[in-house]
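This report concerns only the one structure given below.
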Amino acid sequence: MALALPLRRSFTYSVPEGTPLPAPGIRVRVPFGERVLTGVVVLAEPKPVSGAVRDLLEVLDEEPVCPPELLATAGRVAQRFFASTGEVLKSVLPAKLPAAGVVRYRITQKGTFGMGSADPAERAILERLSPGESVRVIDLPGEGRNRHTAVRCLEDRGWIRAASAPRLHRTRSEMAYELGPIADAEAEGALGRSRKGREVLALLELLGRPASGAEIRVATGAGPAVLRSMVAKGLLRSFEQQRSSPEASGPARPSLVSPTSEQSAAIEAISAAIRERRYFPALLEGVTGSGKTEVYLRAIRAALDAGRGAVWLVPEIALTPVFARELKRQFPEHGAVLHSALSERERAEAWDRVRSGAARAVIGPRSAAFAPIADPGLFVVDEEHDSSYKQRESPRYDAREAVALRAKQSGAALVFGSATPSMEACNAAARGRLTLLRLSQRIAARPLPRVEIVDLRREPARPDEKGVPLFSRPLLERLGEVFARDEQAIVLQPRRGFAPFLLCRDCGYDFRCSRCSVTRTVHDRGRTLLCHYCGERIPRPARCPDCAGAVLEAVGAGTERVAERFAELFPNVPHAVLDRDTARRRGGASAVVEAMQTGRIACLIGTQMVAKGHDFPRVTAVGVLSADTMLHFPDFRSAEKTFQLLAQVAGRAGRGDTPGTVHVQTFHPGHPAIRRAAEHDVAGFAAAELEFRRAFFYPPFSELAAVLVSSPDRDRAQSAAEQLGKTLRSLPDGLRLSGPAPAPLERLQGRWRFQVLLRAVDRRAVLAALEASIPDRPPAGVQIAVDVDPQDLM
Ligand code: ADP
Ligand code: ZN
């Protein structure tokens, strides 16, 4: 039995007399100490157990909630990431998943007449079933096998009939809203101080179309009461509309494009493996705009045609609504979207459609790696290099490894796609562990954009702007040209908020968070200070708490300040911001992406999020305001991340018929990561970077685990970390240790943090060392978190 506890072991329970042995994958309720927990059966054996074992309390499903292959994978993933199987299962199973395969029975007319001649057990069942009502088998009188036999006999005689489980409710019509008749000037007064109200209006303006109540709630948090009052004030107009069913209706519309020869070769190689049930791990390395999506879609079709299923992982589904729509359009019956923004109920419904086999093509983020597809023939990992495939909280698994295990077990094709593959993938391809499938050309031989590196050290100051200007002259000139031609642009600034910190000009005080060792970020045009790590928000003080100085300056720029400056420079160009603050309002990100897609806005300003896989054909210019932010992170992946970000954002330009340009502003114009990205030189960058990784024994040439020891008490954290270091050093050779040392972020949310890094040539050695050194119970007041193959080391 796997229980969702942070304990890396399973638990044994016995089955009460008469209850049939639940199969692996079935959920059960069990007593655990004083509590009752839900667990998943991982192993069921018909053997007597000793007296100390407790009985399980209730069996929740009749059929497993996931196929056996998936259960096995969850176990192996847990093992490979030093996590608990129960926690892995819990993080992928929808919390409100209804009982799987629970059959309900209703009494037939024949049954009501036959009642008299039934045997006692059968009769009890018939009496429990009042006409018109359907009852779950486990709620019928009787026990275990006897009850099942009685039900079977009654069903054979036609006295009772299986009724399908009640469908989750689905109403036909819903309320929709559009902007109301009131004029802009009056709207201000009518809105008053309603913040939600403002967000609703902004959303509808951004979308340029009516939106359903549910959509508005998801994006802004405004509920029916807010909307009703806005309608009453004339701010909105409401009407009833047919609810758009989540399963797009209409016949399947296959793709109309004919694949290029490179696309065909890739599709053929993948499809052959799917048909032959052969494990086929491949790296689809295709420059930006080379048509990787078309390859995925055709491979999915091949999997469905072979009677198998497919899983398509994307880094962040809210940013790629187009992919989800395309999947639904091409596979209306079989497509399912496992969305992080779905409600628990919707998630459960989607899971159940997949589990029952109704849906066989799934698109979703990291957690969709565990979609309960019965016979998967294909796993696609789009933008394979994206670090969101690694979960940062417990259980710290990597979805890429999870699908690799599943593909191997199922004899499936495994396609990692990227224009800027991770060093792990580059190395695996070089060693032949991944078959390299290349798309070397953009569609229609469109050129890659011309990249100009702008040296910020030489950029003259401007009279109307303090310090180094946000927008350099070459970038400004180019943007002016682009907007004059009615084309679109993307501006990347890798920081959200108004400014990275506030500084007292008199004494240099920088307003650090009281609980974290970082400066607070300035938000709301300078009115708020927010800690990005613990979320604490305080109003901006009027004076320095240290020296009472009154000259406080917001230093540097985040997306908010960039947008403000953009509006000054281009007052007539509609723009929107895409960053975590927009995306936190669920649905907010897809509204911005949609506005860009439909041309409602001409400029997209944002963080890393603007670089992720979008296909906006009218974008002809990209500006990177600061390429240096990530370069200085104390992380061995900082050059790789910088290269990928620059190459990816550059790839958003010139995807239509007009060639694109990119301006990269930097203080380090000579840095290899920046230069190679400007030259679109993936192979050159990978060769140099892999050399560095090999020389310093970093992944992919070593297996790495980070152990983080933390406590509100600095001494306790330090001595626990030292103890751990001592144990590790006493282990046999073959292990390289770094630390214990204070983590780069030494204090977070009031906890002091110490880090131990361990590296070895293979994963087994790392796991064995962890097994031998991590205590089951950490010392009092101390937490120990293990991250195997961490994606960041802060
Ligand atoms: P990538 O993911 O490799 O960056 P996309 O899959 O977004 O590229 O494709 C870029 C554009 O090319 C898309 O608009 C897509 O519809 C189009 N496209 C893809 N394959 C073909 C093809 N064979 N013929 C014509 N257009 C294509
Ligand atoms: Zn903080």
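Order of appearance sets the numbers: ligands from 1, and atoms from 1 within every ligand.
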Any sub-3.5 Å donor-acceptor pair from R406's side-chain atoms to A369's backbone N or O?
-> yes

Polar contact flag for T293 and ligand 1 (N/O pairs, less than 3.5 Å) = yes

N/O to N/O below 3.5 Å, does that happen between T288 and ligand 1?
-> no

Residues in salt bridge (charged side-chain N to carboxylate O under 4.0 Å, His left out) with E452, at least two apart?
-> none

Under 2.8 Å from the Zn ion (ligand 2), protein N/O/S atom count?
-> 4

Check: R527 side chain, P539 main-chain N or O, donor-acceptor pair, under 3.5 Å = no

So, T661 and R478: side-chain donor and acceptor under 3.5 Å apart, yes or no?
-> yes

Residue, atom name and distance, where the atom is the protein heavy atom closest to atom 13 (C) of ligand 1 | D615 OD2, 3.0 Å

For R655 and ligand 1, does the shortest N/O to N/O distance drop below 3.5 Å?
-> yes

Near G291, which atoms of ligand 1 are under 4.0 Å from a heavy atom of that residue?
-> 1 (P), 3 (O), 5 (P), 6 (O), 8 (O), 9 (O), 19 (C)

Ligand 1 to T260, heavy atom cutoff 4.0 Å, flagged ligand atoms 23 (N)

What part of P617, side chain from CB on, backbone N/CA/C/O, both or neither, has a heavy atom under 4.0 Å from ligand 1?
-> neither

Contacts of type salt bridge (charged side-chain N to carboxylate O under 4.0 Å, His left out), residue K612, not counting sequence neighbours | E316, D386

Short N-O contact, E268 and R275, less than 4.0 angstrom = yes

Do ligand 1 and G289 have nitrogen or oxygen atoms that lie under 3.5 Å from each other?
-> yes

If only atom types and distance count, is the side chain of R400 paired as donor or acceptor with the main-chain N or O of V381 below 3.5 Å?
-> no

Note: heavy atom closest to atom 23 (N) of ligand 1, options E383, Q263, E294, belongs to Q263

Which residue supplies the protein heavy atom nearest to atom 12 (O) of ligand 1, what is that atom called, and how far is it?
-> I443 CG1, 3.5 Å

How would you list, by chain and number, every residue that makes a salt bridge (charged side-chain N to carboxylate O under 4.0 Å, His left out) with R520, sequence neighbours excluded?
-> E536

Look at ligand 1 and say whether S258 reaches it with a heavy atom at a distance under 4.0 Å.
-> yes

For the pair R301 and E326, find out whether any cationic side-chain nitrogen is under 4.0 Å from an anionic carboxylate oxygen.
-> no

Is atom 3 (O) of ligand 1 less than 4.0 angstrom from at least one protein heavy atom?
-> yes

Going by an N to O cut-off under 4.0 Å, is there a salt bridge joining D792 and R392?
-> yes

Can you tell me which residue and heavy atom of the protein come closest to atom 24 (N) of ligand 1, and the distance to 0.1 Å?
-> V257 CB, 3.7 Å

Logged contact type for V287 with ligand 1, heavy-atom cut-off 4.0 Å, is backbone

R652 N/O under 3.5 Å from ligand 1 N/O | no

S290, portion touching ligand 1 at heavy-atom distance under 4.0 Å = both

